[in-house]
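Everything below concerns the one structure shown next.
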2 protein chains.
Amino acid sequence: MNSTEILPKPIAQRLSACGLRPTAQRETVYQVLLSKRDHPTADEVFARVKDVMPTISLATVYNCLEALVHHELVRAVNFERLPTCYCPNLRPHAHFHDEAGSTLDIELPADMLEQLRALLPTGYAAKHIEINFHGRSEHC
Amino acid sequence: MNSTEILPKPIAQRLSACGLRPTAQRETVYQVLLSKRDHPTADEVFARVKDVMPTISLATVYNCLEALVHHELVRAVNFERLPTCYCPNLRPHAHFHDEAGSTLDIELPADMLEQLRALLPTGYAAKHIEINFHGRSEHC
DNA sequence: CTATATGCAAATAGTTTGCCTGTTA
DNA sequence: TAACAGGCAAACTATTTGCATATAG
């Protein structure tokens with residue numbers, strides 16, 4: 001290990017750092033999202049968290065997810081009318097949703113969001129730009 | 001009027017042309033969407049259609065919208081968890097959703113969708129690409 | 001005449017809320 | 001100990017479905 005290696009901050013510190021009380025439930029929900037980057041829905045997060053914390057309630061999972069999204073530790077991803085799914089990848093990226101239901105992160109080149117912003121009329125400022133591909137992949 | 005002027009095809013013909021029975025309800029729903037391009041929700045379409053056809057049901061509005069979307073006369077637009085709204089603009093465009101709840105079409109340059117498609121790994125083919133801006137406009 | 005569409009009411013599913021109890025700073 | 005978070009059940013809302021009647025080709 002050299003000193004330039006990026007050491008991920010412990011979960012509890014990341015929560016505190018943005019003003020969220022680091023409760024066991026929030027830590028576990030966040031940990032579950034970070035441990036497998038497959039864009040789970042609230043129900044799926046609930047199922048995974050229950051394995052390690054059987055007393056958690058679905059409402060608390062929703063509350064934790066909402067807190068994480070609101071504090072920008074996690075992104076909520078909506079596609080058509082499907083249940084919201086959650087993504088801990090904070091780099092600018094799009095999502096590819098295939099017909100089988102899986103979701104892949106698509107990294108965006110640095111200038112892509114600027115190019116898109118340049119299309120807006122004056123007086124319009126975008127805080128967030130969401131790009132969703134829908135189609136088929138060879139994994140289907 | 002000269003012969004190069006684009007005469008919009010009557011609504012009923014457009015429905016028939018894609019294999020949809022031109023019922024009064026479908027014609028009215030489509031007419032309502034074309035007459036004011038403000039991205040109404042199903043409920044809003046229902047309210048507008050009822051003014052001219054008071055016996056229509058909400059379920060029929062949903063059915064008509066679904067038929068129009070399925071036959072690609074209309075696009076369904078989803079933003080976050082808001083109710084689906086409907087857009088008769090078939091040109092490639094993105095949507096800007098402002099914080100006050102209104103939606104603006106943003107025309108896309110010809111190469112934008114190709115640029116985005118080029119980001120996909122081999123084996124991934126996008127049928128549809130959805131781009132949503134979220135932010136503030138001076139109209140808020 | 002037969003397939004398809006409508007209208008109504010009931011069902012569904014994801015998400016949110018209210019309220020009381022437990023936990024954190 | 002005051003403010004906030006969790007657990008549970010009930011509520012809410014957008015949408016879908018089942019079924020009997022009506023309409024289009």
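Here is the naming used below: chain letters follow the sequence lines, and residue numbers restart at 1 for every chain.
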### Query
Would A:H93 and A:I106 satisfy side chain to side chain contact (heavy atoms under 4.5 Å, CB included), going step by step from the backbone distance to the final call?
CA-CA 5 Å; A:H93 67 282; A:I106 306 291; 5.7 Å; no
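- Between B:L65 atom CG and C:dT6 atom P the separation is 11 Å, expressed in whole Å.
- Of the residues in residues 31-54 of chain A, not one places a heavy atom less than 4.0 Å from an atom of DNA chain C.
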Side-chain polar contacts of residues 112-123 of chain A - donor-acceptor pairs under 3.5 angstrom, sequence neighbours left out - could you list them?
{"from": "A:Q115", "atom 1": "OE1", "to": "B:Q115", "atom 2": "NE2", "distance (Å)": "3.0"}
{"from": "A:Q115", "atom 1": "NE2", "to": "A:D111", "atom 2": "OD2", "distance (Å)": "3.4"}
{"from": "A:Q115", "atom 1": "NE2", "to": "B:Q115", "atom 2": "OE1", "distance (Å)": "3.0"}
{"from": "A:R117", "atom 1": "NH1", "to": "A:A126", "atom 2": "O", "distance (Å)": "2.5"}

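- Under 3.5 Å, the side chains of A:H95 and A:H97 contain no donor-acceptor pair of N or O atoms.
- Regarding contacts with the backbone of C:dT15, a side-chain N or O of A:Y62 is found under 4.0 angstrom from either OP1 or OP2.
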### Task
Between protein and nucleotides 17-25 of chain C, map the contacts as a letter string: B base, S sugar-phosphate only, - none, heavy atoms under 4.0 Å, written 5' to 3'.
B------BS
### Message
Test side chain to side chain donor-acceptor pair (under 3.5 Å) on B:D105 and B:H39; report intermediate values, then the result.
### Response
CA-CA 9 Å; B:D105 285 0; B:H39 305 83; 2.6 Å; yes
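- Side chain of B:H70 to backbone of B:E66: no donor-acceptor contact under 3.5 angstrom is found.
- Checking A:R75 against A:Y86 by side-chain atom types alone, no donor-acceptor pair falls below 3.5 Å.
- Looking at A:I11 and A:L34, their side chains come closer than 4.5 Å, going by heavy atoms from C-beta outward.
- Running 5' to 3' along DNA chain D, contacts with non-hydrogen atoms of chain A at under 4.0 Å begin and end at D:dA3 to D:dT15.
- Taking the six-membered ring where the residue is Trp, the centroids of B:H134 and B:F79 are separated by under 6.0 Å.
- In this structure, the side chain of B:Q13 does not engage the main chain of B:P10 through any donor-acceptor pair within 3.5 Å.
- Comparing the local axis fitted to the first five base pairs of the helix from C:dC1-D:dG25 to C:dA25-D:dT1 with the one fitted to its last five gives a bend of 40°, rounded to 10°.
- Scanning residues 71-85 of chain A for heavy-atom distances under 4.0 Å to DNA chain C yields A:P83, A:T84.
- Proximity of B:P83 to B:D43: side-chain heavy atoms (C-beta onward) are nowhere separated by under 4.5 Å.
- Contact check for A:S137 versus A:L104: no side-chain heavy atoms found under the 4.5 Å cut-off.
- Under the 4.5 Å side-chain criterion, counting only non-hydrogen atoms from C-beta, B:C64 is not in contact with B:V61.
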### Query
side chain to side chain contact (heavy atoms under 4.5 Å, CB included) between B:N132 and A:I131: does it pass, once the steps are laid out?
CA-CA 7 Å; B:N132 290 319; A:I131 304 174; over 6 Å; no
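- Proximity of a side-chain donor or acceptor of A:R26 to a complementary backbone N or O of A:L20 within less than 3.5 Å is not detected.
- In terms of modelled atom types and a separation under 3.5 Å, the side chain of A:S16 and the main chain of A:A12 share a donor-acceptor contact.
- Rounded to whole Å, the distance from CD on B:E66 to C1' on C:dT6 is 15 Å.
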